[in-house]
Amino acid sequence: MSKVKITLVPLEQADRNQFILDNQEAFKYGATVEFGLRDDHFEEDGEIISRSTIEQCIDNEESEVYRIVSDGKNVGGVIIQVDKETLRGDLEILFVSPHVHSCGIGYAAWQAIEEMHPEVKVWETVTPYFEKRNIHFYVNHCGFHIVEFYNSHHPDPNAPETERDSEDSDGMFRFQKVMDKQT
């Protein structure tokens with residue numbers, strides 16, 4: 001199997017709106033595959049991930065925002081944060097266009113992120129409990145481990161208080177990847 005060739009290109013302001021729309025399309029696809037059109041997991045206006053959630057990630061001064069480009073086409077995006085003091089990284093958002101799922105693009109993007117930040121000792125991310133494709137991807141392809149399950153009985157301490165207090169808040173898995181300690 002040949003290795004997929006991708007490039008991570010810093011997000012340009014002119015592409016911001018399309019980046020958000022592409023992100024929402026990818027997240028909505030995952031939910032509708034799992035739940036069909038009866039899904040009640042939407043944040044706002046029929047979207048699994050709200051525009052404001054994505055914009056908060058993009059606008060965070062610590063964020064690095066990239067387009068995943070393959071064969072000259074935008075095929076996804078990624079938002080990461082790296083703490084230079086603690087050497088910890090957060091994968092805030094990683095999405096691949098549903099039109100190119102199962103082509104190795106997400107994994108190639110993750111490998112590129114690790115290569116860009118060899119200083120990171122521990123990576124973390126979260127994904128909803130129903131995103132079986134994501135769980136498979138993070139655990140079986142990227143080497144993450146599930147370390148916590150946030151739900152109404154064990155809320156995410158970093159989530160907004162309104163989400164933490166919700167009795168019907170959806171579950172989220174927290175993943176961690178401890179990087180190889182070899183130098």
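What's counted below: heavy atoms across the whole structure, side chains too, no hydrogens, waters or symmetry copies. Fair warning: this is a prediction, and the values are worked out from it, not measured in the lab.
Annotation: salt bridge (Lys or Arg N to Asp or Glu O under 4.0 Å) contacts of Glu114 (sequence neighbours excluded): Lys177. For Asp15, the side-chain hydrogen bond (donor to acceptor under 3.5 Å, both in side chains) partners are Arg67, not counting sequence neighbours. Not a single side-chain hydrogen bond (donor to acceptor under 3.5 Å, both in side chains) links Ser97 to another residue, sequence neighbours left out. By the side-chain hydrogen bond (donor to acceptor under 3.5 Å, both in side chains) test, Asn17 pairs with Arg51, sequence neighbours left out. With sequence neighbours left out, Asp71 forms a salt bridge (Lys or Arg N to Asp or Glu O under 4.0 Å) with no residue at all. Scored by the salt bridge (Lys or Arg N to Asp or Glu O under 4.0 Å) test, Glu115 finds no partners at all (sequence neighbours excluded). In this structure, the side-chain contact (heavy atoms from CB on, under 4.5 Å) partners of Cys142, at least two apart in sequence or on a different chain, are Tyr107, Trp110, Phe137, Phe144. Every residue meeting the side-chain contact (heavy atoms from CB on, under 4.5 Å) condition with Ile146, not counting sequence neighbours, appears here in chain and number order: Ile135, Val139, Phe173, Phe175. Thr125 meets the side-chain hydrogen bond (donor to acceptor under 3.5 Å, both in side chains) test with no other residue; sequence neighbours excluded. Residues satisfying the side-chain contact (heavy atoms from CB on, under 4.5 Å) test with Thr86, not counting sequence neighbours, are Asp83, Arg88.
Taking all atoms of both residues into account, the shortest heavy-atom contact from Asn60 to Gln81 is ND2-NE2, 3.2 Å. Considering every non-hydrogen atom in both Ser63 and Cys57, the closest pair reads OG-O, 2.6 Å.
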Checklist line | side chain to side chain contact (heavy atoms under 4.5 Å, CB included) assessment of Val82 paired with Glu64 | finding: CA-CA 8 Å; Val82 174; Glu64 297 176 30; 4.2 Å; yes

Next item on the list: Take Arg16 and Asp59, measure what side chain to side chain contact (heavy atoms under 4.5 Å, CB included) needs, and give me the verdict at the end.
Entry: CA-CA 11 Å; Arg16 178 185 171 104; Asp59 295 338; 2.8 Å; yes

Next item on the list: Show your working on side chain to side chain contact (heavy atoms under 4.5 Å, CB included) between Ile93 and Val78 and close with a plain yes or no.
Entry: CA-CA 5 Å; Ile93 291 176; Val78 63; over 6 Å; no

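Here the side chains of Thr127 and Met172 are not in contact, with every heavy-atom distance at 4.5 Å or above. Taking 4.5 Å as the limit, some side-chain heavy atom of Gln176 sits within range of a side-chain heavy atom of Glu124. Side-chain contact between Asn74 and Phe19 is absent, with no heavy-atom pair separated by less than 4.5 Å.
To the nearest 0.5 Å, atoms CG (Leu21) and NZ (Lys28) are separated by 10.0 Å. Taking CD1 from Ile68 and CD1 from Ile113, the interatomic distance works out to 7.0 Å, rounded to the nearest 0.5 Å. In this structure, Ser50 OG and Gln56 CD are separated by 7.0 Å, a value rounded to the nearest 0.5 Å. Here the NE2 atom belonging to His99 is positioned 11.5 Å from the CD1 atom belonging to Ile105, to the nearest 0.5 angstrom. To the nearest 0.5 Å, atom CD1 of residue Ile79 and atom CG of residue Leu94 are 10.0 Å apart.
The side chain to side chain donor-acceptor pair (under 3.5 Å) contacts involving residues 139-148 comprise His136-Asn140, His136-His141, Glu148-Tyr150, Glu148-His154, Glu148-Arg174, where partners must be two or more places apart or lie in separate chains.
Counting only distance, with no hydrogens or angles, the side chain of Asp90 and the backbone of Glu92 share no donor-acceptor pair below 3.5 Å.
Cluster annotation: Phe149 is connected to Tyr138 through the hydrophobic network of ILVMFWY side chains, with a link wherever side-chain heavy atoms come within less than 4.5 Å. Val69 and Tyr66 are assigned to two separate hydrophobic clusters, defined by single-linkage of ILVMFWY side chains at heavy-atom distances under 4.5 Å.
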Donor-acceptor pairs are to be reported for all side-chain atoms of residues 4-13 against protein atoms at under 3.5 Å, with residues two or more places apart or in another chain.
none

